[in-house]
Q: 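Structure in structure tokens, see below.
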Amino acid sequence: MSERGGARPGAGRKPKDKEEKAKRLSIKALVETFGSEEEAFKHAAQKAQSDDKNSYQYFKILIEYAYGKPKEKTEMELNIPPIFNLYG
């Protein structure tokens, strides 16, 4: 029997408490750095307009840990040929 596949140590989703801890730490860091969550978002808006993309990437990661990554929408176009009724 192959040794590949199956459950492995460290595999799978992180426990919910670790996710919640990361969220709490992220929001705490935002508030300590910017004074409030509102000020953090104002800073994000300013960074989005500036040319300093490197610091914005770090800020984006922090926001995603704190509030979750926004859902990405993907549009798909399907070309399905019409189905003919052969029996009637």
Side-chain angles (χ1 to χ4, degrees):
M1 181 168 267
S2 174
E3 296 203 16
R4 296 182 183 180
R8 294 173 307 284
R13 185 176 175 165
K14 294 178 187 174
K16 195 71 170 173
D17 59 331
K18 285 188 178 183
E19 288 181 22
E20 291 298 321
K21 182 179 179 182
K23 182 177 180 177
R24 283 192 312 273
L25 291 174
S26 299
I27 292 174
K28 182 179 176 185
L30 288 170
V31 171
E32 287 179 3
T33 303
F34 299 102
S36 69
E37 292 176 61
E38 183 179 354
E39 289 300 317
F41 279 101
K42 286 180 184 178
H43 177 77
Q46 292 170 351
K47 284 293 183 182
Q49 294 176 352
S50 74
D51 292 333
D52 188 9
K53 297 297 181 189
N54 290 332
S55 64
Y56 180 73
Q57 291 302 319
Y58 292 113
F59 187 76
K60 180 181 171 204
I61 291 169
L62 185 59
I63 289 289
E64 288 176 357
Y65 268 104
Y67 302 104
K69 189 173 181 178
K71 291 186 179 184
E72 296 179 8
K73 292 184 181 180
T74 306
E75 292 186 26
M76 235 167 76
E77 185 177 318
L78 297 175
N79 294 323
I80 301 174
I83 300 175
F84 296 101
N85 186 355
L86 299 175
Y87 300 107

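Just the heavy atoms: all of them, side chains too, but no hydrogens, waters or symmetry mates, feed the values below. Index from 1, following the sequence.
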Q: Answer whether the closest heavy-atom distance between the side chains of Lys21 and Asp17 falls below 4.5 Å.
A: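 Side-chain contact under 4.5 Å: no.
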
Q: Quick one: CG on Leu30 to NZ on Lys28, what's the gap to the nearest 0.5 Å?
A: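 NZ of Lys28 is found 12.5 Å from CG of Leu30.
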
Q: When rounded to the nearest 0.5 angstrom, what is the spacing between NE2 in His43 and OG1 in Thr33?
A: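 Reported to 0.5 Å precision, the distance equals 9.0 Å.
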
Q: Working to the nearest 0.5 angstrom, can you tell me the gap between Ile27 CD1 and Glu32 CD?
A: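 CD of Glu32 is found 12.5 Å from CD1 of Ile27.
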
Q: State the CZ-CD distance between Arg24 and Glu19, to the nearest 0.5 angstrom.
A: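 One finds 12.0 Å between CZ of Arg24 and CD of Glu19.
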
Q: Hydrophobic clusters here meaning ILVMFWY residues chained together by side-chain heavy-atom distances under 4.5 Å, can you tell me if Phe34 and Leu25 are in one?
A: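 Not linked; separate clusters.
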
Q: Do Glu38 and Lys42 have side chains that approach each other closer than 4.5 Å (heavy atoms only, starting at C-beta)?
A: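 Side-chain contact under 4.5 Å: yes.
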
Q: Can you tell me how far the CD atom of Glu39 sits from the CD atom of Glu37, to the nearest 0.5 Å?
A: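 That separation rounds to 11.5 Å.
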
